[in-house]
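One-based numbering along the sequence shown.
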Amino acid sequence: MLRSKYAKSVYAAASAGAPHQPEFLQAVHEVFESIEPVLRQNPEFQNQAILERLIEPDRQIIFRVAWTDDRGRVNVNRGWRIEFNNALGPYKGGLRFHLSVNTGIVKFLGFEQIFKNSLTGLWLGGGKGGSDFDPRGRSDGEVMRFCQSFMSELYRHIGATVDVPAGDVGVGEREIGYLFGQYKRLTRDFSGVLTGKKPDFGGSLARPEATGYGLCYLTAEVLRLLKNDSFADKTVAISGSGNVAIFAAEKAAELGAKVLTMSDSGGYIYDPNGVHLGLVKEIKLQRRGRIAEYVKNRAGAKYVANKKAWQVPCDIALPCATQNELVASDARQLVKNGCQIVAEGANMPTAPDAVKILRQNDVIFAPAKAANAGGVAVSALEMAQGAGHLAWDFATVDARLQEIMIDIVGRCLDAAARHDRHNDLAAGANIAGFERVARAMLDQGIV
Ligand code: NDP
């Protein structure tokens, strides 16, 4: 519930203006709720219309993407790039290719990205983009032609110091490669205009691992500070089996935990002996198959169709699939099973009433803005390497990532403590992320 008159009135205007964008409104409400004490202490934010300016993207680009499939049929999709806020640096945020993409989803992701990028302490603005194109089941040729058509419009809006997209759901190294190839063909400009490239042509080592590893570094630090505990001998439930989920599972196992579950939109696998990551990588990364195939090659494991991994008892839950995938009933189940911490690898995977239940039952909640910022942080390191024409080794990037994640925990706890929300990571993330952007906006005048 919003109490500040200012936040309430801006939220009411946002709701009236975007009635069909529930995910965007959910993200705005959640930020506004946390920052009310900051608004009270800083009347200049209201005088300078900071909230009104924050929720209105700098620009929204929507375009047609026409491409030909392998049967010679012409397909038409829609493309988006929403450049939300560049007070702290060039617009930065991924591209999502998924059937569910629409303006509201891109706006919610772009809005969240502003605060996440701010929390890293780096020079990064916020943006997001994508398409309602579904790459699943498409041949490499079809994905290439789609990416080329998508970039044929996007290229005029992006640039290494302007707007630097990366991957997200449905966009990995293959798609980034095709997008970069077309950008270069159109502009002759070999620059760091996209991150997530392969290391041979301007990418950073440890970028594929960054979001999942970063999630575990942050979780480990939170466990250390708030519970004097660690990953050692813990059981972990993970949802998803994409980029974030796979490398979260890898790092959790490396830190001494046993990963029991992974999933996709069809169901989840449960492996009481600990998920065999070599097998998951072969199925998902090499063959682009379904997680159900795991049980064919792994004795003792089971596949549960159309159900979520949150039924399985665990100490640590890492939702790494999609928004609002962990709802109130899942939260109740996790509490019942003695889960100690939920840390978000995906963007906004925990529904607001589920967060409330976790809080009421003293389950630590680490929000996406903080917990999955490792991906964008290493994207910034990729930009730095590109600008300096240098390639750092894996250990250097990984060490820097770990430092950034630990710093983020410090920023969140400090901001929470300053506003009487001790140990509330979600409030702390919103406050710390907001304060830096709002101050930069004040400093840069009314634009
Ligand atoms: P991938 O495309 O690599 O994997 C997504 C995974 O989530 C797949 O297993 C997919 O299963 C599953 N999934 C997607 N939609 C649904 C759904 N509606 N219900 C159940 N499962 C679903 O994406 P990423 O791993 O890159 O991204 C996962 C999440 O992490 C997203 O929220 C993304 O925004 C966030 N994120 C990603 C970053 C990155 O660096 N890649 C950085 C920060 C956040 P299926 O194949 O069946 O669709």
Side-chain angles (χ1 to χ4, degrees), residues 206 208-263 268-281 301 309-310 312-321 326 331 333-335 337-346 349-350 358 361-368 370-375 377-378 394-395 397-410 412-413 423 425-426 429:
E209 291 85 353
T211 309
Y213 278 24
L215 171 66
C216 291
Y217 292 145
L218 178 132
T219 306
E221 178 67 359
V222 170
L223 284 173
R224 187 182 76 78
L225 289 175
L226 301 190
K227 292 242 169 196
N228 192 24
D229 209 338
S230 74
F231 268 97
D233 302 322
K234 298 290 182 303
T235 50
V236 182
I238 293 183
S239 63
S241 49
N243 174 266
V244 178
I246 286 174
F247 291 106
E250 183 164 282
K251 185 51 75 179
E254 224 176 277
L255 295 174
K258 190 197 269 186
V259 177
L260 297 177
T261 70
M262 294 192 78
S263 70
Y268 75 89
I269 54 153
Y270 167 62
D271 190 336
N273 298 312
V275 167
H276 187 292
L277 260 181
L279 184 53
V280 173
K281 282 185 181 176
W310 315 127
V312 174
C314 64
D315 302 309
I316 299 171
L318 304 177
C320 296
L326 198 163
Q333 190 65 47
L334 287 169
V335 169
N337 290 339
C339 177
Q340 293 177 28
I341 179 167
V342 173
E344 298 186 318
T350 318
L358 297 175
N361 289 279
D362 293 326
V363 178
I364 301 172
F365 173 68
N372 72 20
V378 171
F394 190 98
V397 180
D398 191 33
R400 190 73 192 95
L401 167 66
Q402 193 165 2
E403 257 171 55
I404 292 170
M405 300 313 294
I406 288 173
D407 286 351
I408 289 175
V409 176
C412 294
L413 292 177
N423 297 342
L425 290 161

Student check: side-chain heavy atoms of [X] and [Y] closer than 4.5 Å:
{"X": "Val335", "Y": "Cys339", "answer": "no"}
{"X": "Leu358", "Y": "Ile364", "answer": "no"}
{"X": "Leu318", "Y": "Val342", "answer": "no"}
{"X": "Ser230", "Y": "Leu255", "answer": "no"}
{"X": "Thr219", "Y": "Phe231", "answer": "yes"}
{"X": "Val275", "Y": "Val280", "answer": "yes"}

Residues which pass side-chain contact (heavy atoms from CB on, under 4.5 Å) with [X], listed by chain and number, not counting sequence neighbours:
{"X": "Ala371", "answer": "Leu215, Leu218, Ala366"}
{"X": "Asn273", "answer": "Asp271, Arg298"}
{"X": "Gln402", "answer": "Tyr217, Ile406"}
{"X": "Val378", "answer": "Ser204, Arg207, Ala210, Leu381, Val397, Leu401"}

Set of side chain to side chain donor-acceptor pair (under 3.5 Å) partners for [X], sequence neighbours left out:
{"X": "Glu250", "answer": "Tyr213, Lys281"}
{"X": "Thr261", "answer": "none"}
{"X": "Glu209", "answer": "none"}
{"X": "Asp229", "answer": "Lys234"}

Asp315: which residues meet the salt bridge (charged side-chain N to carboxylate O under 4.0 Å, His left out) condition with it, sequence neighbours left out?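 Testing Asp315 for salt bridge (charged side-chain N to carboxylate O under 4.0 Å, His left out), a comparison that skips the adjacent residues, returns none.
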Salt bridge (charged side-chain N to carboxylate O under 4.0 Å, His left out) against Lys251, all qualifying residues, sequence neighbours excluded: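 Counting only residues at least two positions away or on another chain, Lys251 forms a salt bridge (charged side-chain N to carboxylate O under 4.0 Å, His left out) with Glu254.
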